[in-house]
Every structure is written in structure tokens, then in C-alpha cells.
Amino acid sequence: MFLFGTVLAREGHAQDFELVSDASVFYGSRANDDSPWFSVSADGRFVAFASDAANLVEGDDNGLPDIFVRDRLTGTTERIPELAQNGAGLGRVRPDISDDGRWVVFLESASNFDANRTLGEVLLWDRQEEQLTPITADRFRLSDSAVISGDGGTIVFHTSSQLIPDGGTGARLVAYDRTSQTYETITVNVDGESVDGRNPDVSADGRFVTFDSLESRLVSIDVNNSRDVFLADRQTDSIELVSIASTGIQSDGDSEGASLSPDGLQVVFVSSGRTLVGDTNSNMDRIFLRDLQSSETTLVSRTPLGAVVDQFCSNPKMSQNGLEVLYWCSGDDVAGAPGSGQGFFRHQVGVNGAAVVTVPGLQLRETSAIDLSGAAYVASRTEVAEGASIANILRESSPGNIETISRASQADVWPSGMDKDATHVELADNGDIVFITDAASFTPDRNSRAFVISTNGSAAVLLTGLNGTSPNGADSGVSISSNSEVAVVATTSSNALEGWDLSESGALVMLDRRTDTRQLVAYGNTSVFQVQVSGNGSFALFRSGRDDIVSQPTNGVGQIYRTGLPTGDTLLVSTTTEGVPADQDTEQPKISHEGQLVAFLSASDVLADQPLGFTNHVFVKNLQSGQLSLLRRFDGSVFTQAVRSIDLSSDGRWLAFATSDNGVIQNAPLSGSHIYLADLASGELIWVSAGRFGPDSANYDCRDPDLSSAGIYLAFVCNQPDLVEPGVNLDLRFVQQAYRYHRPTRTLELVTRSSTGEASPGEHRRIRLSGTGRNAVLEGAGTRLVNGIPGTFSYQVLRAALGETPEIVFTNGFE
């Protein structure tokens, strides 16, 4: 059918908006009661711990210990929810977490909670599905221990229940296969009888299980009448005696408390035996390591000079990579220095006498861990307010660099809105949002700080002080990589970077959120700002008026620099192809995903090699070739009106800009500031903010464009609410609204619609798109976009899942 028509698009639907900037009370404080037991995921991101504290989450008023999970990356703490059972609150202790942080197994006590808080029913919590599963199902035969394999597939626990379908009777160790939901007795003697075993540990794949036992018939060679350490191979249905010398001689003392390496090839344990190695003469408890491949047994608890430690030692723990042992000893000579006192020590496997003191203070010896990065975790009684001694969980990544794990989230979330503006809002591709605010609900001290809000709604200070302390200064700028792993913050917090006092002039600090490592990008916040991180997190781009950032003279004006992350090498960007720096201020730097293409604004005649009339123009620098290009109007002339704001697509092909120049394209609007899109490959210029009025456009004020990764979508704000539809309330004519442009169909949609589909009655200052362009965050005062949130004059952070891609309904020619 032949139709005369035009290019139309389906009307956009009202968006599903969510108020993101709704944090209330800034917590981040240490636990106000003991946190004695914990377990750490392989990469150290998640720490599950039991605590009697009541200040870690809102509403914790049960007066009993709970299980919490601390996410070190986001700075948030969550509590495993309670279940109503037996009509009374139930305490929870002894958590163990899988390597990926998804699965947590723990003990939940019966109503007759015992004084030592070490007995309970075994429960499994799936953090991803938020599902709680009972494993033992017998509240009258309580377990005293339960561990989970690194892959989350196997749970091993102690029980005497007759209700578990494992075929065993009496006190014994049982393995539960989560996938098949089947039970298997681990401690079976040579006569086929189930017997007792304690203190289990399990390999990452669930195949190997270590335990200790007084039973003499687990293996035929056990004749020492002492407690021994054994290893069960669930694949071969065999049990091996571990606490023996390299020569095969049994220990002449008790052995217990084994810890198994994730690959199941090494076991570390405690023994008072004097026959396990040749130079031990007393029956003090010491730490031994058994290599199951070489059948070698070595003494771990030696001084740095290799001498035997004549002190009581206990509770060894293998590191996640199997290369170190962390253990506790009672006295002076472990570190080779009198007066060093009791505490945890670390031993490098294969190095004789490599014990090193770690984590100062009075430690609890029940629990410890070393993650894949080598950071050590212990529970330590730390002095807090009013001199009270509380057991907190500490992480030591390097000597003296200590972080408190048992602390509340740095912000608690509820729907309230902020009393001060949110600025510098950015959206990462994974949904994480960063912004800066000095709202009292986020920062009671009213210092501006950068916050990150994750997709689950949890809010946290992005750049804390060292060792997890609260920042003591203010932040003035923030940018985050598209994968949310690297952020750069302009800050004056003197405790943000070790060895630097940033309190006076400030600095740009890079934060690797995966490892919490920090790097100085540039010093001097008074003249260092307008920061952007490349999408891949490899470069930071910034503007500075300092003259000492590079050795090259910089004309005393604001220049653009690129710093490699984490290499620290800095390049002056705002130069001609021949390397001559700009002679006028440069600003608003934008960088491509790989960091090789940079766009910025400047009125520098030197860069253009012709007079620009003190008018800001767009320059694009290729940092691989050194080539500098000047963006021009359609006829090749330079702009007569300044370019106000720009953005560069991640692939470096598309450049969006706002200007009131009336000669950018043919038949351009005669007045107002408009949004344009330049194809840097073909040179094509597209008028984006034409709207339904075309060349007869009114005096718009459109600004602040933002491009999706491939330039498919372009968002901007404009004070013209009827660009895409008639009949909008004329009272809103000068209210800034947000729009999204779809380049392939060249269609516009109004983003800031209320729940009734009308243009928002509140002002909106910026919109930022996700990499795909199908999600957005806004700085807006129009909180009436969100049901139940009162209107406010402050700029809030709003998140929206945008509608479907606009499509062509009619086109010229044949349909």
C-alpha cells in the first residue's frame, strides 16, 4: 500500500522511576558487642560473622546473636533474616561461607540456648535466592560444628540425630550433598560402624574431609590411645591417619583442630606429640603441617631462626591459596623477640621458621582466615568508646593496614529524600550509581562526600578513610568506570591516602574497588577537577591549573591531563599535534572507553591555528597518533557562539554537544541552545533537539548531553516540555525536562513523565545513561515522579528503567 507520510514514533510510556538518594542515618560504626566467629569468601569480599551487636542493622532488638554478612566492596552489612520457630527468638553462631559468598551455613540454637553458644541446628542460607534451608531437622540433637565446601555443594556437620537418613547412629560426622539432597556418614570405622568425629573441615570441591577423633578403629594402625587427626576421601570411601611423622610413627600426644587446604593436599593441625618431628622435647601444643602428596610432616611453629617454639599454640588455618598458615601462640619467643606477647602468627609453607607477627592487640584464638590476596583476618578485643573491650573482626592487608569488618553499613536506607542537592551523578553499566551530596541524611557532619548506591539499594561512602575509618574531609568530584571497578574522587580527606595529608589543597585519589587499593592521581584539589575515568578503568582524565604536573611548561592556564591507572604515568593532552600546549583554558574533558581518544573544550588560538574569538570550541585528540582535530560547522567555518557542554561515546565515534550557534547545520534554529550529534567518522552533523517544531523551534535552552556506549541513544535536558507532544501544561514551559534521542530512527521521547504520563512538574538538571542507554539516573527536584515521595526543592537521585526502543511506524514510500 502506498502511503504519503512522515517519520513518527510511538508515544513513550510513563517511566518506572525509583528514588535512589534515600539513605538516612550514617552508620559505619563498629559493632557494640562481641563478634567472635567469622568466615571469609575466597577473594575476601564477603565476611560472614556472628555478633551479639544490636547496632549493625536497623530493628535488631532480639537480644540474641545473629549472623551478618559484610560486603567489603560496597561497605554494606546485611543480617540473615529471622524465622519464627518455637515461639521464641533463636540465637545464631559459627557461620561458614562458600568461596563465592553465596552460601552461608550456621548453627541456630534451640530455645534452651546454652551458655557457650556453640550448639544448634544446622541451617543453610542462600544469599542469592534469599532462602533458608534446615539441614539437620532435629532440634533435640544439636550440632556443635558445620562447615561448607568452597563450591557450596557439600555441608559437613556433627550430629547424633537418629532422624537423618545417612545410615549412621550415635555421635558422628555427616556430609550433606546440596544438589542431590542426600546424606552420607563420614566417620565409619574399619568394622563398618559409625563412630564419633569432631572439628570437621572440607576441601573446596567437597571430596576430602578432615576431622579428629578418639576412636581407635578408624584405621587399623591406630594404637596410640590418643586423639588423632584423620582425612576421609569421599570418592574412594577411605580414611587416612594424618597426625603421623614422615617416618609413619604415630604421635605420642593428642592431635586435633585440623585445617585443610582448598585443594585437599595439605593439612595443618595442633599436636602435643613429641614424635612427629625430631627436635621437639616437651609436650606443649604446637602446629604441624602434613603434605599428603609427599607424606612429609613438618613443624610450623618455629621462630624466624628455625628454633622450636616452646609455647602453647592452637587454631591453625590454611590460607585460601594453600601457601600460608595462620595460627595463635601464647608467648614471647615466636616472633624471636622477648615481649612480643601472645597473638596470631603466619608461616609461609615450605620456608622453615618464617613466622611473622600479625594484627596487634588481644586476639580471640577461635577463628582466623587468610584470603587469596594474603590478607589476614582475626577476632580481636579492640578498645572502643568508654574503654569497653569488644571482640571485633579485623582484616590486615599489610602490617599496620587494619580494617574493622564487624561494622554497620555506612548508610542505612529508607524512603525519605535528601535535604540538600545530589551532584556529579554517574551510572555504571552494572547499575551502580555514584554521586556527591552534603545532605544530613547521608553525612551528619554536612561535609560533601561521594557515595555509591548498588542495585540492591545499599548506600555507602565511596572513599572511606584508611582501615575502614570515616573520612575526615570533603569530596568535590567523582567518576566511575563503566564496569564499576575503578573510581576517582577529588577529596580533602587527610586519612584517605597513606603518607599524604590532603586536608589543605586536596587531591584526586584512585580507588580500585576490587582490592580497596588507592593511588594518588594528582595533588592539589584547588585546581584539580573535572575528572573522568575511562570505561575500562585504565585511565583518569582531569583538568588542572597547576604548572608542576608534567615537566613541560603549560602557559599557566588550565590544561587537560591523562594519568594511567595504576601506573601513574601522566600525559599532557591539550596540545597541538606538534606538542605545543594550549594558551587558553581547557575544560570538560571526555575520554573513550579504551582511553585513546579525548575530547575537550578550549578557546585556544594556538590549538586551532586561527583566531577563535575567545569562544570555546570542541577539540578531539588521538593520543596514539598525537593528531588534534577541531570540530567545525557544516560549511567548514569555526563556531561564532561557544560550545557549552560535550560528551563522547565509548567507541569514540560520536560526539554530542550543546551550543547556541545558529550556523551549525543548514536551516539551523535562529535562537536558543540546542543539542547536536557529530559523526567523527563521516563528518555528518545531526540536529537532535529539533523536536516536533523543526526549524520553527522556539528559544529552547537544551544542555548537558550524555551518550550511550555506541552512540545509539543520546539523553539531554531541555526547558521545552512539549518537544514531542502537544497539550502540555504551559506552566511547565520553562521547567527543565529530560529527553532521550534514538539515533537510528532519529526520534525523541520525554523521559521525565509522571505516573499519569504528564511532564514532570519538577526541575531536572542532568540525565545519565547506562552503557546500553536503556537505564538512566537523573539529578532532579521532581520527586513527584515517585509515588509516595513528597516534593522537594533539592536535587535527588532518580533511577529509571526506560521504555522499549522507539520504532518507525510510518515511512515515506511503500510500507
Side-chain angles (χ1 to χ4, degrees), residues 424-434 452 455 477-488 510 512-513 530-543 560-565 571 573 588-601 618-625 627 629 631 643 645-658 675-686 688 704-716 738-744 751 766-778 799 802 805:
H424 297 77
V425 178
E426 286 194 16
L427 174 63
D429 287 352
N430 70 345
D432 285 352
I433 299 168
V434 295
V452 58
T455 52
V478 63
S479 181
I480 194 167
S481 61
S482 61
N483 60 12
S484 188
E485 293 178 350
V486 176
V488 173
M510 183 275 287
D512 187 326
R513 300 180 64 211
Q530 295 182 4
V531 60
Q532 189 187 20
V533 179
S534 63
N536 63 0
S538 297
F539 297 97
L541 196 67
F542 62 93
R543 177 192 187 274
I560 306 300
Y561 299 87
R562 188 194 72 174
T563 294
L565 303 175
L571 173 70
V573 173
Q588 294 191 39
K590 301 292 180 180
I591 192 167
S592 63
H593 180 83
E594 299 298 332
Q596 301 305 320
L597 209 65
V598 173
F600 58 90
L601 297 180
V618 183
F619 292 88
V620 179
K621 184 73 171 287
N622 187 320
L623 298 181
Q624 285 185 315
S625 66
Q627 185 68 38
S629 304
L631 185 71
V643 176
S645 50
I646 61 173
D647 194 32
L648 184 67
S649 63
S650 294
D651 59 8
R653 175 173 177 177
W654 301 93
L655 188 139
F657 60 98
I675 305 296
Y676 299 90
L677 184 62
D679 184 345
L680 299 181
S682 68
E684 180 186 13
L685 293 167
I686 304 170
V688 170
D704 204 27
D706 186 68
L707 281 161
S708 62
S709 294
I712 300 296
Y713 290 99
L714 168 60
F716 61 95
Y739 290 89
R740 185 178 68 159
Y741 177 79
H742 186 238
R743 177 177 52 77
V751 172
R766 289 203 324 169
I767 179 172
R768 289 294 178 261
L769 295 174
S770 64
T772 63
R774 294 173 183 171
N775 293 281
V777 289
L778 298 93
R799 173 162 42 199
L802 302 184
T805 303

Spacing of CG belonging to Asp432 relative to OG belonging to Ser482, to within rounding of 0.5 Å: 11.5 Å
Quick one: does Asp429's side chain have a donor or acceptor within less than 3.5 Å of a partner on Gly771's backbone? yes
Side chain of Arg562, backbone of Val573: donor and acceptor closer than 3.5 Å? no
Distance-only, no hydrogens or angles: does the Ser481 side chain make a donor-acceptor pair with backbone N or O of Gly537 under 3.5 Å? no
Any donor-acceptor pair under 3.5 Å linking the side chain of Glu684 with the backbone of Asp679? no
Do Ser479 and Glu426 pair up side chain to side chain, a donor and an acceptor below 3.5 Å, judged on atom types alone? yes
Just by distance, do the side chain of Gln532 and the backbone of Ile591 share a donor-acceptor pair under 3.5 Å? yes
Under 3.5 Å, is there a donor-acceptor pair between the side chain of Arg743 and the main chain of Leu714? no
Parallel, tilted or perpendicular: ring planes of Tyr739 versus Phe716, cut at 30 and 60 degrees: parallel
Can you check whether Gly773's main-chain N or O pairs, donor with acceptor, with Arg740's side chain at less than 3.5 Å? yes
Quick check against the 3.5 Å criterion: does Gln596 have a side-chain atom that pairs as donor or acceptor with the backbone of Leu623? no
Do Lys590 and Asp706 meet the salt-bridge criterion of a basic N to acidic O distance under 4.0 Å? no
I'd like to know if the side chain of Ser649 and the backbone of Leu707 have a donor-acceptor N/O pair within less than 3.5 Å. no
